[in-house]
Structure formats: C-alpha cells, structure tokens
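Please read these numbers as outputs of a predicted model, since none were measured by experiment.
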Amino acid sequence: MSDSTATEEIDAATVEVVRNYLTSAATEMQRTLIRTAYNTIIYEILDFGISLYDHNRNLIADSPGLALFLGANDYALEKVVEHVGEENMNPGDVILMNYPYWSSTHTLDVGVFAPIFREGPEVPREENELIGYAATRAHWLDLGAKDEGYVLDSTDVHQEGIIFPGTKVYKRGEPDEEILDLIRFNSRLPDKVLGDLNAQIAAIRTGKQRLQELHKKYGRETVDNCIERIQEHGERTASDAVRELPDGTWSAVDYADGTTGDLIRIEVEVTIDGEEFHVDFAGSSDQVKGPLNIPLGMTETVCKLCFKSITTPEETSNAGQYAPLSVHAPEENLFNASYPAPTFTIWTGIVSVDVVFKALAKAMPDRIPASSGGDLNDIMLFGEDPETGRQFVEANNDAVGWGGTNEHDGANSVMHITETMVQNIPVEVFENKAPISFDELSLRQDSGGVGKQRGGLGLRRDYHVEHPVGALSIIQKTRKPGWGIDGGEPGDKNGIVLNLNDDADDRVQVLVDNTDIYNDDELWVGMFRGTFHEGEVISNRTGGGGGYGDPTDRDPEAVLEDVIDGYVSRESAREDYGVEITANNELDRKETERLRSK
C-alpha cells in the first residue's frame with residue numbers, strides 16, 4: 001500500500017487490522033511486564049497500566065492492569081513532553097516520572113515513558129521521525145520514603161520518597177549509571193526496584209518495536225490515516241452515547257475516613273448537556289493535611305473511568321472516546337493537589353468513583369448499580385524475612401460486594417471497579433512470601449444490602465501472624481455506609497478487626513478507630529500501622545454492595561436460595577425480606593404471606 005493513500009481511500013478492513021494490531025501490541029507489552037517483573041504487586045496483583053500513543057500524544061491503545069493508571073498516563077505524558085521538550089528527545093531515550101502533581105498518582109507509581117522514532121538501517125539518523133510514545137506505570141516497592149511499605153501520615157511530598165520530574169534514565173539507548181545509582185542508594189529494596197524498572201523498559205521496547213513494524217509495513221501516512229479514523233469513530237460513538245443520556249445536573253456527597261478524626265467531604269456535580277459531559281469537584285473538601293490529596297490527572301482519570309463505563313464500555317480505548325468529557329477541580333481542592341501537599345495515600349480517589357456513580361444514579365437509575373463496597377481494603381506486610389534475612393514488602397487488595405441493578409443481584413466479592421483486571425495474591429503465594437498464614441477466607445453472611453436485587457457480599461480474610469512482622473492497612477471507606485437505589489439498603493461497611501496481645505498499644509498505631517460504631521467487644525479499625533507479634537490476627541472484613549428495589553418485592557424462592565447458599569441468614573430473611581424459612585430450609589409460604597401483608 002502506498003504512503004500516498006488518502007484518508008478517504010483507507011478501507012475499513014485496513015483500519016481494523018491497524019486497530020487490532022495496536023491493541024495486540026499493548027497486550028504484548030503487558031505480557032512482557034508480567035513475565036519479567038520482580039515484585040508480586042506487579043506480576044500477581046497486576047498493579048500497572050500500559051499505554052501507546054501517536055506522535056500527537058493521543059491514546060491509541062492501552063492494556064490494564066489498573067484502570068486509574070491509564071488516564072494518569074495520558075496526563076503524565078503531556079507533562080513529560082512539557083518538561084523535557086520534544087526537541088530534546090532522541091531514539092533510545094527512556095524517561096522516569098513520579099512527581100505526583102504531574103504523574104497523577106503517588107511517588108511509588110512510577111511512570112516510564114519513551115519516544116518512538118521511525119528508525120532502522122534504511123533511515124538516515126538525521127531523518128529519524130517521531131511516530132509515537134510508549135508508557136508503562138507500575139507500583140515500585142520503595143524509593144526512600146519516610147516509612148517502609150506505605151506512607152499513611154505524611155504532611156509534605158518530600159516525606160514520600162525521591163522524585164523524578166521527567167528524568168532520562170536511558171539516553172540514546174545507554175543507561176545513565178548515575179541515575180541508576182541514585183535509585184539504588186535511595187531504596188530499601190534496590191534489587192527489586194531496579195528489576196521492576198528493567199521490566200518496564202522491556203515492555204516499552206516491545207511497544208516500540210511493534211509500532212515501528214506497523215509503520216514499516218504500511219507507511220507513515222497510512223498508519224496516521226487509520227489512527228485518525230479510529231479516533232473519529234471513538235469520538236462519534238461516545239458523543240452519540242452522551243446524546244442518548246438525559247440532560248440535567250445532578251450532585252452527590254459522600255465521605256472518606258481521613259486520618260485525623262474528621263471525615264473528608266467528597267462532592268461531585270455531573271452536568272450533561274447535549275454532547276457535553278462535565279464533572280465538577282468544587283464542592284469537595286479543600287486540601288487536607290494528610291496524604292489523601294488527589295492530583296488533577298487522577299481526578300480526570302476517575303471521570304474517564306465512569307464516563308467510559310456508560311458510553312463505550314465494550315470498545316477498546318482511544319483518545320477520541322473522551323472528547324465529550326470535561327473535568328473541573330479548583331486549585332488546592334482535595335481533587336487538585338498543589339505542591340507541596342502530600343498525595344501518597346490516594347484512596348480518596350477510589351472512594352470518589354462511587355460518588356460519581358451516585359450522582360449518575362439520580363439521572364439514570366435503570367443503568368447504574370447501587371454502590372459497591374467502595375474500597376480496596378489493602379493489607380500490606382513488611383519487614384525482614386525470618387528465613388532469608390532479606391527485607392520484603394507484600395500487599396494484597398481484597399474484593400468487595402458490587403451493587404444490585406434493576407436486572408440482577410450484585411456480584412459477590414469482586415475487585416472494586418477501579419481495579420479492572422487487578423487480582424489478589426493467591427493464598428499459597430502470600431504464605432510463602434510473608435510470615436503469615438490464613439485462618440479464614442469466607443463470604444460475609446448478610447453483608448450484601450437488602451433489596452429486590454440483593455447487593456453482593458463482602459468477604460472476611462484473617463491474617464494469622466507466625467513471626468513478628470510490620471503490617472498496615474490502606475482503606476478509606478469504613479465509617480460511612482454506601483447507598484442503595486429505589487428502596488434498597490446499603491451493604492455492610494468495610495472494617496478491620498485486630499486481635500492483639502495486651503502489650504500492643506505501644507506497637508500498633510490506629511489512625512482510624514471505629515469501636516464507637518460497633519456494639520461488640522472487638523477492636524474495629526480503619527487505617528492502622530504497627531508491628532505485630534506471633535499469634536496476633538488481622539481480620540479484614542470487606543463491605544457489601546447496596547441493594548436495588550424494595551426487599552419485600554424479592555422473589556421468596558430467591559431468598560430461600562440465598563439462605564441455602566449461606567448468603568443470607570434465616571433471621572435476615574424474616575426481618576429484612578419478610579420471608580420465613582424453616583429450620584429445614586423450606587419456604588413457609590403462609591407465614592411469608594402474613595409477614596409481607598403487614
């Protein structure tokens with residue numbers, strides 16, 4: 001095919017071949033990263049985001065990982081080019097970015113970016129032509145922050161680790177040993193950190209090679225014309241979807257736990273007007289003292305995730321799909337963090353996703369589910385491996401219940417929507433990597449919000465400490481419940497129960513104490529950090545999804561099945577659903593009719 005092919009002459013088959021080739025290239029980058037990464041947070045949990053861009057820095061393909069990293073890459077790439085200068089980029093350059101206000105997340109979610117040039121033996125060096133960019137972002141284990149593992153109480157970004165504002169770690173294909181030494185001597189886990197850097201670079205090189213091959217096969221003009229067609233289709237499809245949504249303005253409010261005893265207000269206003277979809281966070285809290293502030297790039301990413309889920313959920317991503325979307329958060333707002341505000345514990349961004357959906361549910365309750373459990377319920381362990389003597393960090397996100405919809409029950413114990421393809425670490429792997437064992441991993445009975453369509457159940461996971469170890473939790477949705485729709489009730493809240501020895505007060509710092517909202521003798525907490533001794537137990541209890549519709553409209557046979565499956569207790573069946581189930585797990589129709597006629 002000739003390079004002179006005009007846009008209108010590109011046939012649909014060629015466009016589809018190019019589109020699928022780009023998607024395949026991003027997927028191959030993902031496989032490369034998984035196979036070569038050093039830490040389980042990348043290769044087991046899949047805590048990364050991978051993106052490919054054209055020469056105009058428009059997204060042309062991505063591969064999650066973690067949904068909130070993908071839009072963050074879009075924002076960060078613009079800042080990389082702004083800081084480094086396109087004219088200063090050369091073939092073989094690799095650039096690091098983790099400056100939170102530009103990279104769009106915290107300092108350990110390190111972005112690795114590379115320009116891609118049309119190059120090869122047939123191309124004179126002086127004629128190297130920029131054809132695109134490749135980006136990977138992944139969670140590194142340590143870059144010298146004030147605390148190992150995770151920072152929960154920083155008050156300044158400079159307590160959160162070494163910062164790279166757009167720094168070349170490779171120049172014209174050669175590593176900068178001084179930058180590598182800077183990383184090596186500022187990390188508690190240098191071997192794993194440098195191993196993960198190399199894994200990201202390997203993924204970058206895979207993307208670079210595939211994009212160069214595509215250009216070599218079809219020529220610059222044909223590829224550019226195909227990409228233009230793909231972007232135009234994405235914008236047209238998204239705009240058509242927005243036009244089908246109701247016009248109006250809707251708002252919603254929810255709260256994150258914070259770390260000081262004061263809840264953090266998250267307010268979202270969504271306006272739909274014709275083809276325009278606008279999200280405004282101006283009503284949210286100002287920046288806070290602790291590390292719960294959100295960079296603007298992540299705020300935009302939260303909105304991209306919600307927007308795509310109701311406009312083009314079945315299509316692979318490209319920049320055109322987000323053209324109708326605009327986002328606003330004033331400077332020094334919680335959702336537009338300004339230097340030197342700390343940003344390490346970015347969980348308010350996780351909580352905000354359900355707040356956007358809560359606002360949308362007022363406009364289109366038939367299309368939006370009730371709230372999920374609303375958090376990731378992350379437990380992280382760190383310290384010295386008792387067998388090898390080496391330092392380690394291991395973490396695990398846990399699943400929550402999803403909300404019921406007008407058509408079906410919510411899913412039981414599934415990763416939060418922000419996590420896309422993220423997994424938890426298999427029990428056998430975690431027990432091998434850290435000095436713990438798991439006493440229990442089960443669904444939480446009655447944790448799903450009651451409704452005609454029941455909310456999904458959260459889970460319980462008990463970490464039994466086998467040897468002294470550092471541990472912490474990253475969680476911000478434990479004090480306030482979620483929400484149901486059309487008479488449905490919220491599910492149970494997230495929470496953590498600590499079973500500690502008598503001497504634990506000096507070893508364990510509780511940042512969010514929830515004993516005041518539970519009527520039992522257990523130590524319920526949200527975020528904590530400390531050293532745990534042999535025999536102590538950390539019991540992670542994740543939240544349930546909200547219910548949809550009046551629970552007394554639920555089919556009694558469905559309630560019976562829930563009781564048999566252990567999802568709902570006989571007591572809840574009677575009190576919440578008005579359904580009487582006998583001790584032999586049979587439906588008492590007469591008593592059910594009496595209960596529901598009250």
Any donor-acceptor pair under 3.5 Å from Gln321 side chain to Lys304 backbone: no

Contacts of His139 that satisfy ring-ring contact (aromatic ring centres under 6.0 Å, His included) - sequence neighbours left out: His106

Non-neighbouring partners of Phe430 that pass ring-ring contact (aromatic ring centres under 6.0 Å, His included), sequence neighbours left out: Phe438, Tyr463

Asp375 versus Asn494, side-chain donor and acceptor atoms under 3.5 Å: no

Between Thr343 and Asn293, a side-chain donor and acceptor under 3.5 Å: no

Geometric cation-pi criterion, Lys493 with Tyr518: 6.0 Å, 45°: yes

Trace of the side chain to side chain donor-acceptor pair (under 3.5 Å) decision for Ser437 with Glu431: CA-CA 6 Å; Ser437 60; Glu431 290 182 337; 5.0 Å; no

Lys192 NZ/CZ over Tyr38 ring centroid, <6.0 Å and within 45° of normal: no

Any side-chain donor near an acceptor of the partner, Arg574 and Ser572, under 3.5 Å: no

Phe48-Phe69 aromatic ring centre distance below 6.0 Å: no

Greater than 12 external heavy atoms within 6.0 Å of Met364's CE: yes

CA sep, side-chain torsions, deciding dist, call: Phe392, Phe382, ring-ring contact (aromatic ring centres under 6.0 Å, His included): CA-CA 5 Å; Phe392 75 91; Phe382 55 89; 8.0 Å; no

Heavy-atom closest pair, residues Ala399 and Thr542: O-OG1, 2.7 Å

Expected output: side-chain Ser371 to main-chain Trp483 donor-acceptor under 3.5 Å: yes

